[in-house]
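I have placed the structure first, in the form of structure tokens, so that the comments after it can refer back to it.
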Amino acid sequence: MAATVTLEPAGRCRWDEPVHIAVRGLAPGQPVTLRASLRDEKDELFRAHARYCADAHGQLDLERAPALGGSFTGLEPMGLLWALEPEKPLLRLVKRDVQTPFAVELEVLDGHDPEAGGLLGQAVHERDFLAPGVRREPVRVGRVRATLFLPPGTGPFPGILDLFGSGGGLCEYRASLLAGHGFAVLALAYFRFEDLPKYLNNVCLEYFEEAVDFMLQHPKSLCACSFGPTNILWR
């Protein structure tokens with residue numbers, strides 16, 4: 001029996017937006033396993049799976065049907081996405097190029113893992129990081145090494161300075177998503193990137209002041225700044 005996987009919105013949506021997953025064309029009460037898989041930009045595999053049973057009409061709606069086991073249990077409409085785990089231990093799912101989407105493959109297998117049978121249906125769901133109209137502008141001003149994300153429109157917009165942890169480099173995926181919600185966001189690198197210091201203990205605090213000044217003077221920024229993952233200081 002062939003099953004049809006439907007996604008709403010179909011095709012593509014933002015990484016931080018919900019997607020409605022449903023399966024049709026199953027037998028009443030049929031046990032199935034849904035499996036999601038994603039390969040990152042280094043071709044590392046991430047997977048999640050969950051066991052379900054179709055309703056009396058041969059349909060499965062993840063907004064109404066609880067998972068019976070697998071990577072998670074209970075009513076979790078987005079579980080197949082948030083539960084993605086690496087095939088290799090200790091890897092982290094990171095989006096390095098926000099200008100391209102992640103492609104998530106969804107499969108419906110007959111029966112329940114670990115003895116799931118043949119493939120009944122499948123679909124590919126793309127999740128991107130740039131909302132329509134969001135502008136991405138590399139910034140190389142003075143010592144500042146960053147990327148500025150601006151929402152569509154004339155602005156000015158509430159501004160955020162996004163500092164990403166102690167791993168170094170330039171991480172843009174959080175800033176790109178925030179720009180899709182109406183913020184002007186400066187994703188700021190501060191070590192282990194281009195000509196910046198290689199080690200965190202060599203970073204000067206004046207560097208962050210220079211980045212704040214850049215946002216204060218930018219015509220599209222209202223301006224705010226954030227020193228941490230969640231704190232926003234408004235002017």
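Every value quoted in this text rests on a predicted model; they were computed, and no experiment measured them. Start at 1 with the first residue, then count along the sequence.
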T100 and E41: side chain to side chain contact (heavy atoms under 4.5 Å, CB included), yes or no, with the steps?
CA-CA 10 Å; T100 62; E41 291 145 314; 4.0 Å; yes
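- Ring-plane geometry between Y173 and F129 is classed as perpendicular, the angle between the planes exceeding 60 degrees on a 0 to 90 degree scale with a lower cut at 30.
- In this structure, the side chains of F191 and N202 stay at 4.5 Å or more apart for every pair of heavy atoms.
- Nearest heavy-atom pair, G167 versus R192, reported as atom, atom and distance to 0.1 Å: O-NH1, 3.2 Å.
- If you take SG on C13 and CD on E8, they are separated by 11.5 Å, rounding to the nearest 0.5 Å.
- Considering only heavy atoms from C-beta on, L81 comes within 4.5 Å of V19 through its side chain.
- Transitive grouping of hydrophobic side chains (ILVMFWY, heavy atoms separated by less than 4.5 Å) brings F164 and L93 into a common cluster.
- The backbone N or O of P86 lies less than 3.5 Å from no partner atom in the side chain of R47, so there is not a single donor-acceptor pair.
- Closest of all the heavy-atom pairs between R12 and P9 is O-CG, 4.2 Å.
- Of all heavy-atom pairs spanning A175 and A187, the tightest one is CB-CB, 3.8 Å.
- For the atom pair CG of L163 and SG of C171, the computed distance is 11.5 Å after rounding to the nearest 0.5 Å.
- Ion pairing of E44 with K88 is present here, as a side-chain N (NZ or NE/NH1/NH2) and a carboxylate O approach within less than 4.0 Å.
- Taking the side chain as every heavy atom from C-beta outward, R39 and E87 never approach each other to under 4.5 Å.
- The side-chain heavy atoms of L34 and V32, taken from C-beta on, include a pair separated by under 4.5 Å.
- Of the residues E107, Q122, E105, H49, the one that meets the side chain to side chain donor-acceptor pair (under 3.5 Å) test with R35 is E107.
- Here the options are R96, K95, R136, the test is salt bridge (charged side-chain N to carboxylate O under 4.0 Å, His left out), and the partner is E172; only R136 passes.
- When each of V141, L188, V139 is paired with L148, the side-chain contact (heavy atoms from CB on, under 4.5 Å) condition holds for V139 and for no other.
- When atom types are taken as modelled, the side chain of R145 and the backbone of G169 share no donor-acceptor pair closer than 3.5 angstrom.
- Annotation: side chain of L45 is in contact with side chain of S37 (closest heavy-atom distance under 4.5 Å).
- Residues A184 and L150 approach most closely at CB-CD2, 3.7 Å, considering heavy atoms.
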Please determine whether side chain to side chain contact (heavy atoms under 4.5 Å, CB included) holds for the pair F214 and L161, giving the CA-CA distance in whole Å, both sets of side-chain angles, and the decisive distance to 0.1 Å.
CA-CA 10 Å; F214 172 84; L161 189 66; over 6 Å; no
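- For the side-chain contact (heavy atoms from CB on, under 4.5 Å) with V23, the lone residue among T4, L120, V108 that qualifies is V108.
- Summarising the geometry, atom NZ belonging to K220 is positioned 5.5 Å from atom OG1 belonging to T154; distances are rounded to the nearest 0.5 Å.
- Side chain of S221 to backbone of L216: no donor-acceptor contact under 3.5 angstrom is found.
- The hydrophobic clustering, which links ILVMFWY residues whose side-chain heavy atoms are closer than 4.5 Å, places L205 and L200 together.
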Assess the residue pair F149 and L130 against the criterion (side chain to side chain contact (heavy atoms under 4.5 Å, CB included)); give the C-alpha distance rounded to whole Å, side-chain angles, the decisive distance to 0.1 Å, and a yes or no.
CA-CA 9 Å; F149 291 90; L130 285 176; 3.8 Å; yes
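- Atom-to-atom distance recorded for L60:CG and C53:SG is 9.0 Å, nearest 0.5 angstrom.
- At most 12 non-hydrogen atoms from other residues, nucleotides or ligands lie less than 6.0 angstrom from CZ of R64.
- Taking hydrophobic clusters as Ile, Leu, Val, Met, Phe, Trp and Tyr residues chained together by side-chain heavy-atom distances below 4.5 Å, V5 does not share a cluster with V124.
- The distance from the CG atom of L38 to the CZ atom of F102 is 5.5 Å, given to the nearest 0.5 Å.
- Within the 4.5 Å cutoff, the side chain of P66 has no heavy atoms near those of the T73 side chain.
- What you find for L170 and A189 is that their closest heavy atoms are CD1-N, 3.7 Å.
- The closest side-chain heavy-atom distance from V94 to D40 is not below 4.5 Å.
- For R140, the CZ atom counts as densely surrounded, since its 6.0 Å shell holds more than 12 non-hydrogen atoms of other residues, nucleotides or ligands.
- Between the side chain of E76 and the backbone N or O of A67 there is no donor-acceptor pair closer than 3.5 Å.
- One finds the CZ atom of R92 at 10.5 Å from the CZ atom of F46 (value rounded to the nearest 0.5 Å).
- I21 places none of its side-chain heavy atoms less than 4.5 Å from the side chain of P77.
- Between R127 and E17, none of the side-chain N atoms (NZ, or NE/NH1/NH2) sits under 4.0 Å from a carboxylate O, so this pair counts as no salt bridge.
- Side chains of Q30 and D110: a donor-acceptor N/O pair is present below 3.5 angstrom, by distance only.
- Taking both residues in full, the closest heavy atoms of W82 and F72 are given as CH2-CB, 3.8 Å, listed atom of the first, atom of the second, then distance.
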Check the pair L62 / Y52 against side chain to side chain contact (heavy atoms under 4.5 Å, CB included), numbers first and verdict last.
CA-CA 9 Å; L62 268 58; Y52 294 93; 3.7 Å; yes
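- No path of Ile, Leu, Val, Met, Phe, Trp and Tyr side chains, each step under 4.5 Å between heavy atoms, connects L75 with M78, placing them in separate hydrophobic clusters.
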Start with the C-alpha distance between Y190 and F208, add both sets of side-chain angles, then the distance that settles ring pair (Phe, Tyr, Trp, His ring centres under 6.0 Å), and finish with yes or no.
CA-CA 8 Å; Y190 48 99; F208 302 103; 5.5 Å; yes
